[in-house]
Q: 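Here it is: the structure, laid out below.
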Amino acid sequence: MGLNPQQLVGATHRDGPLLILAGAGSGKTKVITTRIAWLIAEQHVSGRSILALTFTNKAAREMKERVFGLLPKKSGKGLTVGTFHAFCVQLLRSKIGLLGYREKFSIFDSSDRMHLITDIMKDLKIDLEILPPDKVAWKISDAKNALIHPGREAEEWFGDALLASIYRHYQSTLKGFNIVDFDDLLMLAVDLFAVAGEEMALHVSRWRYLLVDEYQDTNQAQYKLLRCLTRDHDNICVVGDDDQSIYAWRGADISNILNFEKDFPGTVVIRLEQNYRSTGNILRAANSVIAHNTARKGKNLWTSGVNGDPVRIIPTSDETDEAESIVSEILTIRREDRASFADMAIVFRTNFQTRPFEELFAAQGIPYEVIGGTKFFDRREVKDIVCYLRLMANRHDEIALLRIINRPKRGIGTQTIEKIVQWAEKHTMHLYDVMLDADHVDTMDDNTRYKIGVFCELVEEYAKKLLSARSMVPVVREIVHASGYEEELLREAGGDADKFQKSQRWLQELYTSIQLYEADEDVERHDLFGYLERISLLVDDKSEDKERRRDAVTLMTMHSCKGLEFPYVFVSGVEEGNIPHTHSIEAGTVEEERRLFYVAMTRAMKRLYLTWAAERRRYGESSDCEPSRFIDEIDPACIEWISPGSTRSAESVDLVEAFERMRQQRGG
DNA sequence: CAGCAGGGCGTTTTT
DNA sequence: CGCCCTGCTG
């Protein structure tokens, strides 16, 4: 199987708790996948008894593929591999009734959450200036990740009665709408075990072997869930690396991995310290940076491979220059090393840094793929139509309703909406039910009632069609047409044919996404609910085959690069205030930033570039930048400073001089 | 109720 | 610099 001794121990550990401390590039996925295959093929454990949990859909997909690649056909049947969130949805789908929700709940995304919180705060007459809704959203999310429920408990936890009150209203509204938000998936799943321990224990008893990836990133809720799943056995294998913990800001609790041995007595600990990914220089550079962290278990990653090229540091004058330098380097590598675009990745701290690259790549015809970033399902056209679908799936989804009630314009304006809302409040009814029953609303005229009637008929008619049709795609096309949405797009575009085409293309992508879903054999039943659930758990739109078929440069943030590897990696914007980010410096969380930088560095297999710009524009204003402190922390023996002019046409004399001074100062 | 213009504000990271 | 939201006018 080609495993080293430690990997082999991990892969062939039979029963009981197992902690695998796996450094970057040490082959942890290989160990997990081999272990699953070993359990099934050699130990005759049924696939049905195995549950593997990951953080991202991508990781889940990869793991599944690799496991099935190791197994003879069909022998892995029943194996569960999924994200924590997807797994929780599965539990909730069948058991959420225990918590007083109805079975066919919808899932809120973060923008829906913001809307609702803003509405609630307005209702409560809270000044949005003093308490910004995004802060509130973040606090509520935090509370849920820590398993803090609304009520007295929350008030103490927040130390703020107002926040607790918003939380209470928010949560009861969600429940009233039969909607759960992202954080609820975890919290409510844990609640299931609290309210019906025995029933749930029975329900999950089929899973006798647990495997958890990226354990260092688990939060309280995920930890508790794992405890619930191991009530009747202790076959839990977790893999993690404290140096790659980069989600503390989202509630990840590093003590979960630090305390694992205490939590699960009899734990076997395995350390994977041999790196198979990067050359010696890259590894040494990364090691020297991470060594500056004090809060770490400490490990010594080593490689038996070649030293390779030094880490190349490229100073540039501004973000345009930075992009041009990288592009020129990309073209050189392609020419000289005969590497493909897909071998290269550009990594940065913040999403908005993609801009100069996207512009330049588009101009030069270089294929690229942005991971994350502005999401497909956040696109206006797509989101509008998805809201139609959401409303048809759940008439009580008020956020969806309010979004499309007058889109396209159908003469139901703010006045009318206000009347509906007031009537609903007075009679404690749902907005949509008020609309269905508009004849009885005495505050509006017949014409308005008629318009509302037309809208409701549309919803009812197509909801029925969606649920009965063999394929939803033609029905959705019909909705776009019959609702007048298409016409509206045409009208909005004015004479701009290009604009109209663009929006059409987005809608086409949406149809394709539905089609892909309906063709997915992994899904048992294909219906509207299943589709909405799937897309709500999807972070990116990059549907399976898409990423593979194109030879493209990958652009992504440091957070989304975790778990990936590329022969050539460019870390861009390595400036003080960017990485480490100003907010983190102020919050005193530079160590997490260092880990983030470490994660980015260790993605590189063959060659690593670090670039920084002396000047960067933000909000249209430009400001001076200094290279990141992390550059100073790299062992000078493994880096090489590339002079600004060498990759392309000569730059300003000032910059070259500044660069020379810096090189002398740093002894580079 | 719809359309337009101008002002204000934001970008840390994501399942 | 752009986007979104608001407020004013037709």
Q: Closest approach to the side chain of Trp249(A), judged atom by atom: which nucleotide of dG2(C), dT14(B), dT12(B) is it?
A: dT14(B)
Q: Give the rounded distance in Å between these two atoms: CZ of Arg595(A) and P of dT13(B).
A: 18 Å
Q: Give a yes/no on whether any side-chain N or O of His559(A) is located under 4.0 angstrom from OP1 or OP2 of dT14(B).
A: no
Q: For Trp249(A) and His559(A), I'd like to know if the aromatic rings sit close, meaning centre-to-centre distance below 6.0 Å.
A: yes
Q: Output yes when at least one side-chain N/O atom of Asn351(A) is less than 4.0 Å from OP1 or OP2 of dT13(B), else no.
A: yes
Q: Could you state the atom-to-atom distance from CZ of Arg250(A) to P of dT12(B) in whole Å?
A: 17 Å
Q: Below the 4.0 Å mark, does dT14(B) have OP1 or OP2 next to a side-chain nitrogen or oxygen of Thr557(A)?
A: yes
Q: Want to settle it: does Glu593(A) or Leu186(A) sit nearer the 5' end of DNA chain B, counting the closest nucleotide to each?
A: Glu593(A)
Q: In whole angstrom, give the distance that lies between atom CG of Asp109(A) and atom C1' of dT14(B).
A: 13 Å
Q: Atom pairs under 3.5 Å, N or O on each side, protein against nucleotides 1-5 of chain B: can you list them with distances?
A:
residue: dC1(B); atom: OP1; partner: Gly413(A); partner atom: N; Å: 2.4
residue: dC1(B); atom: OP1; partner: Thr416(A); partner atom: OG1; Å: 2.9
residue: dC1(B); atom: OP2; partner: Gln415(A); partner atom: N; Å: 2.9
residue: dA2(B); atom: OP1; partner: Gly411(A); partner atom: N; Å: 3.2
residue: dA2(B); atom: OP2; partner: Asn406(A); partner atom: ND2; Å: 3.1
residue: dG3(B); atom: OP1; partner: Arg491(A); partner atom: NH1; Å: 2.8

Q: May I ask you to check whether Phe357(A) and Tyr368(A) place their ring centres under 6.0 Å from each other?
A: no
Q: Ser245(A) side chain to Asp242(A) main-chain N or O, any donor-acceptor pair under 3.5 Å?
A: no
Q: Which whole number of Å gives the distance between the C1' atom of dT13(B) and that of dG2(C)?
A: 22 Å
Q: For this output row, return yes or no: ring centroids of Tyr167(A) and Trp157(A) closer than 6.0 angstrom.
A: no
Q: Where the side chain of Phe352(A) is concerned, which of dT13(B), dT11(B), dT12(B) is the nearest nucleotide?
A: dT11(B)
Q: Atom NZ of Lys383(A) and atom P of dC4(C): how far apart are they, to the nearest Å?
A: 12 Å
Q: Below 30° counts as parallel, above 60° as perpendicular, anything between as tilted: where do the rings of Tyr388(A) and Tyr485(A) land?
A: perpendicular
Q: Answer yes or no on whether Arg595(A) is positioned over the face of Tyr598(A), meaning its NZ or CZ is under 6.0 Å from the six-membered ring centre and within 45° of the axis.
A: no
